[in-house]
> 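Could you have a look at this structure, given as structure tokens, before my questions?
Whatever order the structure lists ligands and atoms in, that order sets their numbers, starting from 1.
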Amino acid sequence: MTYKASRIARVHARQILDSRGRPTVEAEVELVDGSFGRSCVPSGASTGRHEAIELRDHNTSQYDGLGVGQAVNNVRSEIADRLLGEDALDQRQIDRLLISLDGSANLSRLGANAVLATSMAVCRAAAVHSHNPLYRYINSLCRGRPMSLPLPMVNILSGGAHAGRGMDLQDFLAIPVGASSYSEALEMISRVRVSATRLLADRGYSVLLADEGGLSPGFKHAHEALDLMVQSFEAAGLVPGQDMAIAIDVAASELFVNGRYELVRHGFQFSGEEMASFITECVRRYPIISVEDALEQDDWLNWQTFTASVPGVQVIGDDLFVTNQKRITMGIECSAANGVLIKVNQNGTLSGTLDAMETAWRAGYTTVVSARSGETEDTFIADLAVGTGAGQIKIGSVRSSERLAKYNQLLRIEEDQSLEFIGAAGLGRNTRQNVACN
Ligand code: 2PG
Ligand code: MG
């Protein structure tokens, strides 16, 4: 083999703990010239049935069965053996090799956690080798796509699997549509988060943190949470719908039991049609401009009906699309949505994630790069959102270091004067921008 400075010289991995204190995989890659990359994988709680599979040890005597020792060993042995000597600058080839080495349809043999940690660590090492900040290097893998600083959608109130099911809907988020820079967006969000805390504390609710740093007041009805959102905007001196709008992540797959949507806290049992009209009604009443997973992950027909019934609203598939090119293509063909949530660990490789994004953009779908509810200090997705010009990012609330690491990385990246803050334009042409709703 000829000497090449960008060839992979060392691959290593270890088990670390994520923001929920659960084991996850951290991988390290070193190149011949000493360039070094490290990356850790996140983990979801409300996971989609069609996601790539993270490998867990299921040894109940350790970490409640959630250890990732096998995945770590797979990186240290099989993956390292296969990648040693390969060129880190050829991310596509690296990811192809990882997928074929795994050999399964969903990365279940080696583990999507083992594969993704390696894929991202290779990318980081290659960025170092090429003397580029990570976001610029990622952009070089994106065939001419313009970079931009994303519009954040930020968790304020949490329910579902992230907050002991205290509320049926999983996330109530704020989108600073009136912001003219990323740092202004962050400050506006921070003000709303403070207002929400004060309003809840004044009314005697707990202000302890849920898994993503959001508040979890445990309201019975979604309207109570939406009222609180609007009141928090106003208390922060912001005009609802104009400065700050609402997004919701229903995470409806979590509510789907035996063919019905069970909203236990509301006391409702809905058919798909009823579920779609319940959310449509929320959209009519409140300044909601983005709705994620209003329906279950395989309920394609009701997705279509719902998307058609909320014109001008961003309709995002998370569990529906699982950052999978094939499922996104299916959705595009039947107009099931108009936006895609992008989670690297649902896909399992960086190249596969970039392909999923490109498929979405070609159809005019918006993309929202997203963290998981179980996160680490890794800031990869901040650079990913900028480098791909994704348009939007969802990281959780502005609390807890695993979230703030990413918000703060975007502040650092913002110092690159050549980058434009995409603002409300990141919502694409589908959404009712800067429209005051009542
Ligand atoms: C989601 C994510 C992040 P999880 O549903 O969008 O909020 O949750 O990582 O638990 O799937
Ligand atoms: Mg979701």
> Any salt bridge between E254 and R165, counting N to O under 4.0 Å?
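Yes, E254 and R165 are salt-bridged.
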
> About how many Å separate CG of L149 and OG of S181, when rounded to the nearest 0.5 Å?
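If we round to the nearest 0.5 Å, S181:OG and L149:CG are 9.0 Å apart.
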
> Do any N/O/S atoms of E292 come under 2.8 Å of the Mg ion (ligand 2)?
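E292 does place an N, O or S atom closer than 2.8 Å to the Mg ion (ligand 2).
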
> With no hydrogens and no angle check, is any side-chain donor or acceptor of T367 less than 3.5 Å from a backbone partner on A390?
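Present.
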
> Quick one: does D318 get an N or O within less than 3.5 Å of an N or O on ligand 1?
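In this structure, D318 places an N or O atom under 3.5 Å from an N or O of ligand 1.
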
> How far is atom 3 (C) of ligand 1 from the closest protein heavy atom, and which atom is that?
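Here the closest protein heavy atom is E212 OE2, 3.0 Å.
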
> Do S373 and R20 get their side chains close enough for a donor-acceptor pair, meaning under 3.5 Å?
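Short answer, yes.
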
> Looking at the Mg ion (ligand 2), which N/O/S atom of D249 is the nearest one?
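Result: OD2.
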
> I want to know if ligand 1 touches S43 in the polar sense, i.e. an N/O pair below 3.5 angstrom.
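No, S43 has no N/O under 3.5 Å of an N/O on ligand 1.
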
> Among the heavy atoms of P42, does any lie under 4.0 Å from an atom of ligand 1?
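Per 4.0 Å heavy-atom rule, P42 does not contact ligand 1.
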
> Ion pair present between K394 and E212, side-chain N to carboxylate O less than 4.0 angstrom?
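Salt bridge: no.
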
> Side chains of R193 and S397: is there a donor and an acceptor less than 3.5 Å apart?
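There is such a pair (donor and acceptor under 3.5 Å, judged by atom type) between the side chains of R193 and S397.
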
> So which heavy atom in the protein is nearest atom 6 (O) of ligand 1, and how far is it from that ligand atom?
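Atom 6 (O) of ligand 1 sits closest to the protein heavy atom K394 NZ, 2.6 Å.
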
> Are any of the N/O atoms in G374 less than 3.5 Å from those in ligand 1?
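Checking ligand 1 against G374, no N or O pair falls under 3.5 Å apart.
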
> Report the part of D249 (side chain from C-beta onward, or backbone N, CA, C, O) that has a heavy atom under 4.0 Å from ligand 1; answer both or neither where that applies.
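The part of D249 near ligand 1 is the side chain, not the backbone.
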
> Identify the protein heavy atom lying closest to atom 2 (C) of ligand 1, giving its residue, its atom name and the separation to 0.1 Å.
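Scanning the protein heavy atoms, the shortest distance from atom 2 (C) of ligand 1 goes to K343 NZ, 3.3 Å.
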
> Give me the residue, atom name and distance of the protein heavy atom closest to atom 11 (O) of ligand 1.
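Atom 11 (O) of ligand 1 sits closest to the protein heavy atom R372 NH2, 2.8 Å.
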
> Got a salt bridge between R327 and D298, using NZ or NE/NH1/NH2 to carboxylate O under 4.0 Å?
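A salt bridge links R327 with D298.
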
> Kindly check if the number of other-residue, nucleotide or ligand heavy atoms within 6.0 Å of CZ (R92) is above 12?
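Atom CZ in R92 is packed in, count exceeds 12.
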
> Which residue and atom name correspond to the protein heavy atom nearest atom 5 (O) of ligand 1, and how close is it?
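Its nearest protein heavy-atom neighbour is Q170 NE2, 2.9 Å.
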
> Out of all atoms in ligand 1, which are within 4.0 Å of some heavy atom of A371? Include the element for each.
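Listed by number with element, the hits are 3 (C).
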
> What I want to find out is whether R265 reaches E224 closely enough, with some N-O distance under 4.0 Å, to be called a salt bridge.
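Judged by the 4.0 Å cut-off on N to carboxylate O distance, R265 and E224 do not form a salt bridge.
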
> Of all the N, O or S atoms in D318, which one sits nearest to the Mg ion (ligand 2)?
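The D318 atom nearest to the Mg ion (ligand 2), restricting to N, O or S, is OD2.
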
> Has Y63 got more than 12 heavy atoms of other residues, nucleotides or ligands less than 6.0 Å from its OH?
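Check fails, neighbour count at 12 or below.
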
> The Mg ion (ligand 2) to D171: any N/O/S contact under 2.8 Å?
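For D171, the answer is no, given that no N, O or S atom comes within less than 2.8 Å of the Mg ion (ligand 2).
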
> T47 versus ligand 1: do any nitrogen or oxygen atoms come within less than 3.5 Å of each other?
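No; every N/O pair is 3.5 Å or more apart.
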
> Below 4.0 Å from any atom of ligand 1, is there a heavy atom belonging to S46?
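It does, in that a heavy atom of S46 comes within the 4.0 Å cut-off of ligand 1.
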
> Counting only heavy atoms, which portion of L341 has something under 4.0 Å from ligand 1: side chain, backbone, both, or neither?
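Side chain only.
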
> When rounded to the nearest 0.5 angstrom, what is the spacing between CD in Q297 and OG in S253?
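Atom-to-atom, Q297:CD and S253:OG are 3.5 Å apart.
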
> Heavy-atom pairs closer than 4.0 Å: do any link ligand 1 to the side chain of D171, the backbone, both, or neither?
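Side chain only.
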
> Below 4.0 angstrom, N of the basic side chain to O of the carboxylate: do R372 and E54 qualify?
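Salt bridge flag = no for E54 with R372.
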
